[in-house]
Every structure is written in structure tokens, then in C-alpha cells.
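See structure below.
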Amino acid sequence: MNYTSTINIPQFQEDLITWFESEQRILPWRENQDPYRVWVSEIMLQQTKVDTVIPYFQNFMKHFPNLEALANADQQDVLKAWEGLGYYSRARNLQSAVQEVVELYDADVPNDPKQLGDLKGVGPYTKGAILSIAFDQPEPAVDGNVMRVLSRILRIEEDIAKQKTRNTFESVVRELISQDNPSAFNQGMMELGALICTPKSPSCLLCPVQAHCVAYRDGVEQTLPIKKKKTKKSSHTYFALVIQDDAGNFIIEQRPEQGLLAKLWQFPMVSTNEVDENHLSVFIQEKYQTDIDTVETLEPVKHVFSHLTWYLHVKMIKVRGKISLNKNMKLMSKSEISKYPLPVSHQNIYKQL
DNA sequence: AATTCGGGGAT
DNA sequence: ATCCCAGAATT
């Protein structure tokens, strides 16, 4: 199937790029072509809206203005700068990859597709985005916007939820992309998806490439892209334990190195599958080898992740005397806690103190 | 190929 | 409530 056989490619490129040059948003990572800034922005923008990223990007650049600064930073400080942005493996992989660039490539972000794609956290999209935006190479950068826009323009009715479908769009982009200005072409496709060719009720009357759009011609733009629905998410219920000793300090524990919210810190949690409300006091006495003074119920916290939901029953427990702590736990004051990266759900617990 | 990884804003 | 966002890594 040759999707691009009927489109006037030079005219399409000109219409798209002209629109992008005049209508693009002013964004901090568009100030220059610094590959490091482009890289950081692309990682932050994965599955994350522009408006959410802007303040994080500004703060991140203030703390880690270049490759060396990020390479030499404390990982906990990097996670703290990422706090609230989600998908925290992005931050750990980015720092790890930056350290690799400093060591292997003398602190120059490689412009070779193979070397770039081998870096941690740099997948097919991010590789193409860096190559085109920072290095002006005509490589495809296929994200959700591009698949939506092109599925409409070319009326491509494949399931964009399938990983393989991205290959279809990559080969289409290789045929369409401007050799003269691949950066504006790729960014223009994404900008168009964000501003005009939106998921619901696209602004076709304002679209600079409406004349090229098969879906608009056929009146089926609302039915595209095709995307299979995902499965329902599971729910998990925990007690979140705000344990305060007689000196006023709280127990905070670090989550494991892998998995959900890896290496972030939280108030101790115990699944309601392991202990019920009636035995909670005994459980705490045994686990922390301490005497309980008072138990108070705080406001429950519900937190929705992309693939599961947490229901947290928050208990404020005041204890007396010495506390037995595991290796991954610390006793710290309220102000000390704010220096550690916490998941948003536990920030909401913290706010209640 | 399917699942795991966060969080927020739009609808 | 549901969708989806400048996706990648893991299983």
C-alpha cells in the first residue's frame, strides 16, 4: 500500500512549514539548537503536555545547565527536580545516558543514529527528534501527534496502539519529510497535532494542510486515528503510616530500586491484604519495636496512575521511645522530608501534617 | 505482542 | 469516568 502516491509532497511541505514558522509557540527549548536542551526537553515531553513541562524544564536547566552538571549531580537531586513529573525512570535513564556521553563522546551528544539510539531512554521517537531538531537530519520523529495527523491526512486506518504501526508512519515520513528543513517539518507535524489536528473536534477550517487531507475530503476525520482500547486498571488499598516519635520526627522509607516510583521516598505503606484495621497497632508495635501512644485517622488519599489506582488509608501514629528502622528507612523532621523526592500521593499526605 | 511505568488537563 | 499526552523498557 503506497499511502503517499496521491499527495503533492513539495506543496505539503511548504504549507506545513510556512504555517509552523508563523504560528509556532514560543517555548524555552526552542531558544536554540543546543542538543542537550533538545534532549532534555524531548525526554520530559514523553507522554507529557507542553504546559506541564515548561516549568520543569526551566528549573532543570537552572540546576543542570549542561551535560557535565547533570553527569556530576546527585541522583536524588535529579529525582527531586523530576518530582511530580512522573515516569521517573526517564530521569534516571537520562542522567545515566548523559554520563555515558561525557565519558564515551567527550561530552558531545552524538549525531550518529546508532550511537544516539543506544543511549538509555532514547527510543525511536526521541532519536529522530534529536537528529532532526538539533542536527537538521531528515529522520522521522513519530509520536502520538504525528500518527494522528498522518492517519487523517493519508487516511491510514491501522491500529496506532500496536507498536508495529509506528513503522508504517516512519516510512511515510521518510517520503514526506523536507530535506531542507526537517526540523520545522517534524516540529510542524507535532505542533499541528497539538494546536489544530486535535484528538476530538479538530479545527479543520483553520488547518494549513486541509487541501491535502483525505480524511477531511471524505468526512471521516473524527473517526481517525483507529486505536484499540486498553484494559481496565487494577486497584490497590494500603495503610499509609505517618509515624511520629516523641521528638516530633517522622519515619520515611525509600522505595525499591526497580518498579513503580523507584527510589522515591514515602510514608511507610502496608497492604490491607497483609493487615486489617484491628491488628494495625499490633503490626506497628512488632515491626518498629515501639510503643504506640495515639492513633488518628487522617483524610484518605486516592491516587490514579495510568495502569492502577491506589487507595490510601492514612493513619497518624504517635509512638514513644526508640524505634527499630530497616536500612531503607530514615527518621526525619517535617522540613527535612521536603528535601526528598516524594510521589504526588505522598505529597498529599505531607500536606495534611 | 502485551504490560509496566505518573500525573494532569481536556472533554 | 475516559482519553491522551513530543514513548521507552521490560517481559
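Letters A, B, ... are given to chains in the order of the sequence lines, protein chains preceding strands, and every chain is numbered from 1. Computation of the quantities below employed the complete heavy-atom set of this structure, encompassing side-chain atoms and omitting hydrogens, waters and symmetry-equivalent molecules.
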Checklist entry - Which comes earlier along DNA chain C counting from the 5' end, the contact point of A:Gln47 or that of A:Gln258, where each point is its nearest nucleotide? => result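 Whichever sits nearer the 5' end wins; that is A:Gln47.
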Checklist entry - 5'-most contact on DNA chain C: A:Ser41 or A:Asn93, nearest heavy atom basis? => result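 In this pair, the answer is A:Ser41.
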Just checking [X]: base, sugar-phosphate only, or nothing, at a heavy-atom cut-off of under 4.0 Å?
X        : result
A:Lys120 : sugar-phosphate
A:Gly259 : sugar-phosphate
A:Ser89  : nothing
A:Thr52  : nothing
A:Leu85  : base

Rounded to the nearest Å, what distance is computed from the [atom1] atom of residue [X] to the [atom2] atom of nucleotide [N]?
X        : N     : atom1 : atom2 : result
A:Lys49  : B:dG9 : NZ    : C1'   : 6 Å
A:Trp82  : B:dG7 : CH2   : P     : 13 Å
A:Lys233 : B:dG7 : NZ    : P     : 13 Å
A:Leu264 : B:dG7 : CG    : C1'   : 13 Å
A:Trp310 : B:dC5 : CH2   : P     : 11 Å
A:Leu45  : B:dG7 : CG    : P     : 17 Å
A:Phe305 : B:dC5 : CZ    : P     : 10 Å

Pairing residues for [X] by the salt bridge (Lys or Arg N to Asp or Glu O under 4.0 Å) criterion, not counting sequence neighbours:
X        : value
A:Lys80  : A:Glu83
A:Lys334 : none
A:Glu286 : none

Next on the checklist: With the threshold set at under 4.0 Å for non-hydrogen atoms, list the residues of residues 343-353 of chain A touching DNA chain C in residue-number order.
Outcome noted: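 Residues of residues 343-353 of chain A under 4.0 Å from DNA chain C: none.
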Next on the checklist: Any residue in residues 121-152 of chain A with a heavy atom nearer than 4.0 angstrom to DNA chain C? Just list them by number, or reply none.
Outcome noted: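 Listed by number, they are A:Gly121, A:Val122, A:Gly123, A:Pro124, A:Tyr125, A:Thr126, A:Asp143, A:Gly144, A:Asn145, A:Arg148.
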Item to check | Pairwise P distance, B:dG8 and C:dA9 [rounded to whole Å] | outcome: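 These two P atoms come out 24 Å apart once rounded.
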Item to check | Separation of the C1' atoms in B:dC5 and C:dC4, to the nearest angstrom | outcome: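 Here B:dC5 and C:dC4 have their C1' atoms 16 Å from each other.
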Next on the checklist: Quick check on DNA chain B: between A:Ser201 and A:Leu260, whose nearest nucleotide comes earlier from the 5' end?
Outcome noted: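 This one resolves to A:Leu260.
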Checklist entry - How would you give the extent of chain A contacts on DNA chain C, as first and last nucleotide 5' to 3' within a 4.0 Å heavy-atom cut-off? => result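 Result: C:dC3 to C:dA9.
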Using a 3.5 Å cut-off and no angle test, enumerate the donor-acceptor pairs between side-chain atoms of residues 182-192 of chain A and protein atoms at least two apart in sequence or in another chain.
residue	atom	partner	partner atom	Å
A:Ser183	OG	A:Gln187	NE2	3.0
A:Asn186	ND2	A:Ser132	OG	3.0
A:Asn186	ND2	A:Glu139	O	2.9
A:Gln187	OE1	A:Arg30	NE	3.0
A:Glu191	OE1	A:Arg25	NH2	3.0
A:Glu191	OE1	A:Arg30	NH2	3.1
A:Glu191	OE2	A:Arg25	N	2.9
A:Glu191	OE2	A:Arg25	NE	3.0
A:Glu191	OE2	A:Arg30	NH1	3.3

Next on the checklist: Please confirm whether the ring centroid of A:His303 lies under 6.0 Å from the ring centroid of A:Phe305.
Outcome noted: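 Centroid distance A:His303-A:Phe305: below 6.0 Å, so yes.
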Next on the checklist: Using modelled atom types and a 3.5 Å cut-off, is there a donor and acceptor pairing between side-chain atoms of A:Glu257 and backbone atoms of A:Lys263?
Outcome noted: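 Here the side-chain-to-backbone pair does not exist.
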Checklist entry - Would you say the side-chain atoms of A:Arg255 pair up with the backbone N or O of A:Leu260, donor to acceptor, closer than 3.5 Å? => result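 Yes: the side chain of A:Arg255 pairs with the backbone of A:Leu260.
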Checklist entry - Counting heavy atoms not belonging to A:Gln258, are there more than 12 under 6.0 Å from its CD? => result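 Counting neighbours around CD of A:Gln258, 12 or fewer heavy atoms of other residues, nucleotides or ligands fall under 6.0 Å, so no.
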Item to check | Contact list for residues 241-250 of chain A, test side-chain hydrogen bond (donor to acceptor under 3.5 Å, both in side chains), sequence neighbours left out | outcome: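 side-chain hydrogen bond (donor to acceptor under 3.5 Å, both in side chains) check on residues 241-250 of chain A returns no pairs.
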Checklist entry - What residue pairs, at least two apart or across chains, pass side-chain hydrogen bond (donor to acceptor under 3.5 Å, both in side chains) with a residue in residues 142-152 of chain A? => result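 Sorted result for residues 142-152 of chain A: A:Asp143-A:Asn145, A:Asn145-A:Arg148.
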Checklist entry - What residue pairs, at least two apart or across chains, pass salt bridge (Lys or Arg N to Asp or Glu O under 4.0 Å) with a residue in residues 192-220 of chain A? => result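 Qualifying pairs, neighbours excluded: A:Arg155-A:Asp218.
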Item to check | Contacts of type side chain to side chain donor-acceptor pair (under 3.5 Å), residue A:Gln347, not counting sequence neighbours | outcome: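 Listed in chain order: nothing, the list is empty.
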Checklist entry - Can you name the residues that form a side chain to side chain donor-acceptor pair (under 3.5 Å) with A:Asp293, not counting sequence neighbours? => result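 By the side chain to side chain donor-acceptor pair (under 3.5 Å) rule, A:Asp293 matches A:Arg320.
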Checklist entry - Would you say B:dC5 has OP1 or OP2 under 4.0 Å from some side-chain N or O of A:His307? => result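 Yes, within the criterion.
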